[in-house]
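Chain identifiers are assigned alphabetically (A, B, ...) following the order of the sequence lines, protein sequences preceding nucleic acid strands; residue numbering begins at 1 within each chain. All values reported here derive from a predicted model rather than from experimental measurement.
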Amino acid sequence: MPKSRKTSGLKKFVSRPLMPVFYFHFSNQGFPVSQEKEGQASDGLWVGKVADKVLEEFPNQELYTCAAGISPSGVVHFGNFRDIATSLAVAQELRARGKKARLLFSWDNYDRFRKVPVGVDPSFARYIGMPLTDVPDPEGELPSYARRFEVGLEKSIEEMGIDLEYRYQTQEYKSGRYAEKIAFALQHREQAADIQLQFKTDKGNQEKGIDPEEYRRTYFPITVYSRFSGTDKVQVLSYDGGTKLTYRCLVTDKVEQIDFKETPVVKLPWKLDWPMRWGEEQVHFEPSGKDHMTPGGSYDVSSAISREMFGRKPPVPQMYLFVGIQGVKGDKMSGSKGGAISPATLLEIYEPSLLKWLYMRRTPMQSFNLAFDTEVYRQYDEFDREVVAYQAGKASPAQQKILEFSGVKKGEGVPLAFKQAVALGQITQWQPEKLRALAEKSGIACSEASIKARLSKAQTWLNRYNPEEIIALRTAINTDYAATMDGKRRDQIAKLRVLLQGEVTSIPALDEHLYGIPKDPALDDKATKVAQRGFFKDVYNLLIGKDAGPRLSTFLWALDRAAVLTLLEI
RNA sequence: GACCUCGUAGCUCAGCUGGUAGAGCAUCUGACUUUUAAUCAGGGGGUCGCGGGUUCAAAUCCCGCCGAGGUCACCA
């Protein structure tokens, strides 16, 4: 998998003769490394290999930092969440190996507001160029635009029980924490320019009209937010070699000198900001989307800057592909587009552990689809099968690991199948107690917790995204269908009415009677089956206008008896 | 222009450093005195995108091509 990753120089650090020492050291601490290694190989999970790599690049750290970060420029969508999920898996793996690991999450909210997303008042265009934390909340409630979108994700993260250590970049920058690093970058601005030039193509330079000499002379590796306009539309005029610089605000044409140690309106651009923070936070692992990981992209540039300027090895990277979505019309993935699907939206349909499981079970290099259509049945079913195997102690090591990373615990019992939650939820008016009673009556074994958890998700799934799947009792007798029925079949319906008018003691008893109605001594087994099938089809058509439906005994037992009897009056 | 991922059963995908093609769902058959959006057992189904190469041996490694999706070369 880590095929053609650029490892220029990196390999040299991890000299082979060190390996035995490495092993010895660990076994001294009571970690049977060699055995554990074999174990990892057998479970074959991507996360084990990544952790191997992290431990190889950064052996013997007190604390391992797995990072993730998102710029709150709009709704944080389900694609962004892969950043967190991937880092989470690696942190968990490191912990499983007895290491201390933290999951650091940076809100890049000191980034500039770049464009107004669909769904936000177009007049917000006047804030373009300002830091996201200085743009007001479109809904006028929260302190800032950034906060609006941070809150949504943070709530979902909490719901999923993920323990993140948050960093808010505006706060960090304003605290002056980075002032020295900014000065350092400015002092080495030619070097920063050179490194970036290495990654630019001649053709690109020609097209953009970049002259390397000119670029090197005028490049300042900073963004300044003008104190006059609040935006980054600024030209840096001079730098004193310390912490003072002079800039011209291009909006107001005013010029001033500031000491950015006292007036923190200066930010490093992404390709310096990123490696600077790797050092500041001692990051050992950070995944990123392919936009960063493409050769010559920001990871390459940032790595070079990290090594050559800041003198630190870059963290182990892991590229991930984007997540797809199906079953929802006009799919809009990008956070800067309207109608973006956030983890919060997903959590209305997926339970937290299932969602985490979907993100972590496959290698990040593989794209997968989230679904709002009947595909979720399959996902829930597959998940449940593994959970059941896990509860029984029969899950494979790989399955077990991912389930545990996802937060599944032993002794939670068998979950209610999502399909059943949808079917039975409808006939119990989505009431957990009613469903539990129904499940008990008809012999469905499932945990009470799962009923509670899944019923509301099933309801949302059905009503909001799959209304065509709704089973609704007809409001009037299906005379059209009844007209197609012969006397014998009508007779069966009449028998059913009699049955339902009497006392129904239990679902299995009702079941037996139902199968008994179409039985005829003159028919052999095969023919009986056909007759029974036909009978059920008739009942479904009369009640809900479809050829099939929920298991009939359960269905009839739960439905409003009077309404059913009316519909069967043909 | 460069690069990345993917292409294996009808569908969703496993197949890690090469050793006789796998799972789930779907389908079919059968069983439980019935199977309907709930059970169990069994069966069928693949020239592993195409063409070369390396090898005793290739889904797996190498080269080329085709197809699908995506990223960078502005900014983050």
Side-chain angles (χ1 to χ4, degrees), chain A residues 1 3-6 40-46 48-49 69-71 73 108 110-115 132 199-210 223 232 267-271 273-274 288-302 319-322 324 326 336 361-369 371 374-375 377-379 381-383 385-386 396 398 416-420 422-424 426 439 442-446 469 471 508 511-519 525 528-529 531-537 539-540 546-555:
Chain A
M1 182 190 56
K3 227 174 281 179
S4 59
R5 187 165 296 137
K6 295 234 161 73
Q40 252 102 43
S42 72
D43 81 22
L45 276 171
W46 66 271
K49 290 171 199 163
I70 296 171
S71 159
S73 55
D108 296 332
Y110 204 41
D111 287 0
R112 76 193 292 262
F113 182 56
R114 288 162 60 211
K115 61 179 175 186
L132 291 165
F199 290 93
K200 294 187 196 293
T201 58
D202 291 346
K203 198 183 170 196
N205 286 347
Q206 272 174 23
E207 274 174 17
K208 303 299 189 275
I210 296 173
T223 296
D232 65 349
K267 178 189 179 300
L268 291 174
W270 174 244
K271 285 170 188 171
D273 178 71
W274 206 20
S288 34
K290 49 197 305 180
D291 49 343
H292 295 297
M293 291 305 294
T294 297
S298 58
Y299 179 78
D300 271 2
V301 177
S302 297
M319 177 161 86
Y320 56 81
L321 294 191
F322 296 131
Q326 63 174 256
S336 53
R361 65 177 172 150
R362 295 234 177 85
T363 147
M365 290 304 287
Q366 179 150 33
S367 56
F368 68 94
N369 275 359
T374 48
E375 176 71 13
Y377 284 158
R378 196 208 308 263
Q379 291 170 328
D381 285 348
E382 199 175 333
F383 177 66
R385 210 174 308 121
E386 286 196 15
S396 74
L416 173 70
F418 193 75
K419 215 186 289 180
Q420 287 187 32
V422 171
L424 301 183
Q426 294 183 69
S442 44
I444 299 170
C446 62
E469 301 276 325
I471 296 166
D511 218 22
E512 209 165 306
H513 286 299
L514 283 173
Y515 283 103
I517 288 175
K519 265 197 179 166
D525 283 359
T528 303
K529 270 191 194 176
Q532 284 165 334
R533 206 167 302 175
F535 169 62
F536 287 123
K537 189 178 158 194
V539 177
Y540 287 122
K546 293 182 183 180
D547 286 344
R551 190 173 172 82
L552 203 49
S553 54
T554 315
F555 195 40

Please state how far atom [atom1] in [X] lies from atom [atom2] in [N], giving the value in whole angstrom units.
| X | N | atom1 | atom2 | answer |
| --- | --- | --- | --- | --- |
| A:H292 | B:U5 | NE2 | C1' | 17 Å |
| A:Y320 | B:U71 | OH | C1' | 13 Å |
| A:Q379 | B:C11 | CD | C1' | 13 Å |
| A:E386 | B:C25 | CD | P | 13 Å |
| A:W46 | B:C13 | CH2 | P | 18 Å |
| A:H513 | B:U35 | NE2 | C1' | 18 Å |
| A:R551 | B:U35 | CZ | C1' | 6 Å |
| A:E375 | B:G24 | CD | P | 17 Å |

[N] versus [M] - spacing of their [atom1] atoms, nearest Å:
| N | M | atom1 | value |
| --- | --- | --- | --- |
| B:G24 | B:G51 | C1' | 34 Å |
| B:U39 | B:G44 | P | 23 Å |
| B:A2 | B:U60 | P | 25 Å |
| B:C50 | B:G7 | C1' | 11 Å |
| B:U12 | B:U17 | P | 25 Å |
| B:G1 | B:C11 | P | 34 Å |
| B:A58 | B:U20 | C1' | 13 Å |
| B:C63 | B:U54 | P | 15 Å |

Exercise for review: Identify whether the distance between the nearest side-chain nitrogen and carboxylate oxygen of A:E375 and A:R378 falls below 4.0 Å.
Suggested key: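 Result for this pair is yes, salt bridge flagged.
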Which heavy atom in [X] sits nearest to a heavy atom in [Y], and how many Å separate them?
| X | Y | answer |
| --- | --- | --- |
| A:S302 | A:K271 | OG-O, 3.5 Å |
| A:L552 | A:Y540 | N-OH, 3.4 Å |
| A:D511 | A:R551 | OD2-NH2, 2.5 Å |
| A:S288 | A:W274 | OG-CH2, 3.9 Å |

Using a heavy-atom cut-off of 4.0 Å across all strands, would you classify [X] as base, sugar-phosphate, or nothing?
| X | answer |
| --- | --- |
| A:E382 | nothing |
| A:L552 | base |
| A:L514 | nothing |
| A:F555 | nothing |
| A:R112 | nothing |
| A:D381 | nothing |

Practice item. For A:R385 and for A:Y540, find the nucleotide of RNA chain B with the closest heavy atom, then tell me which residue's nucleotide is more 5'. Key: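 The residue whose closest nucleotide sits nearer the 5' end is A:R385.
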Practice item. On RNA chain B, check which nucleotide each of A:F536 and A:T223 is closest to and give me the residue with the more 5' one. Key: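 That would be A:F536.
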Nearest-0.5 Å distance that lies between atom [atom1] in [X] and atom [atom2] in [Y]:
| X | Y | atom1 | atom2 | result |
| --- | --- | --- | --- | --- |
| A:W270 | A:T223 | CH2 | OG1 | 13.0 Å |
| A:K267 | A:D108 | NZ | CG | 7.0 Å |
| A:W46 | A:R361 | CH2 | CZ | 13.0 Å |
| A:D381 | A:E386 | CG | CD | 12.0 Å |

**Study point:** side-chain hydrogen bond (donor to acceptor under 3.5 Å, both in side chains) partners of A:Q379, counting only residues at least two apart
**Key:**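 Listed in chain order: A:Y350.
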Of all the nucleotides listed ([options]), which has the minimum atom distance to the side chain of [X]?
| X | options | result |
| --- | --- | --- |
| A:Q532 | B:A73, B:A37, B:U34 | B:U34 |
| A:M319 | B:C4, B:A76, B:A38 | B:C4 |
| A:T554 | B:U33, B:A38, B:U5 | B:A38 |
| A:R114 | B:A37, B:A76, B:C75 | B:C75 |
| A:R378 | B:A76, B:C4, B:C25 | B:C25 |
| A:D291 | B:U5, B:A38, B:U71 | B:U71 |
| A:K267 | B:C4, B:A76, B:U34 | B:A76 |
| A:Q420 | B:G24, B:A76, B:A38 | B:A38 |

Point to revise | Contiguous pairing runs of three or more, Watson-Crick or G-U under 3.5 Å, that involve RNA chain B | key: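 Detected stem regions: B:1-7 with B:66-72, B:10-13 with B:22-25, B:27-31 with B:39-43, B:49-53 with B:61-65.
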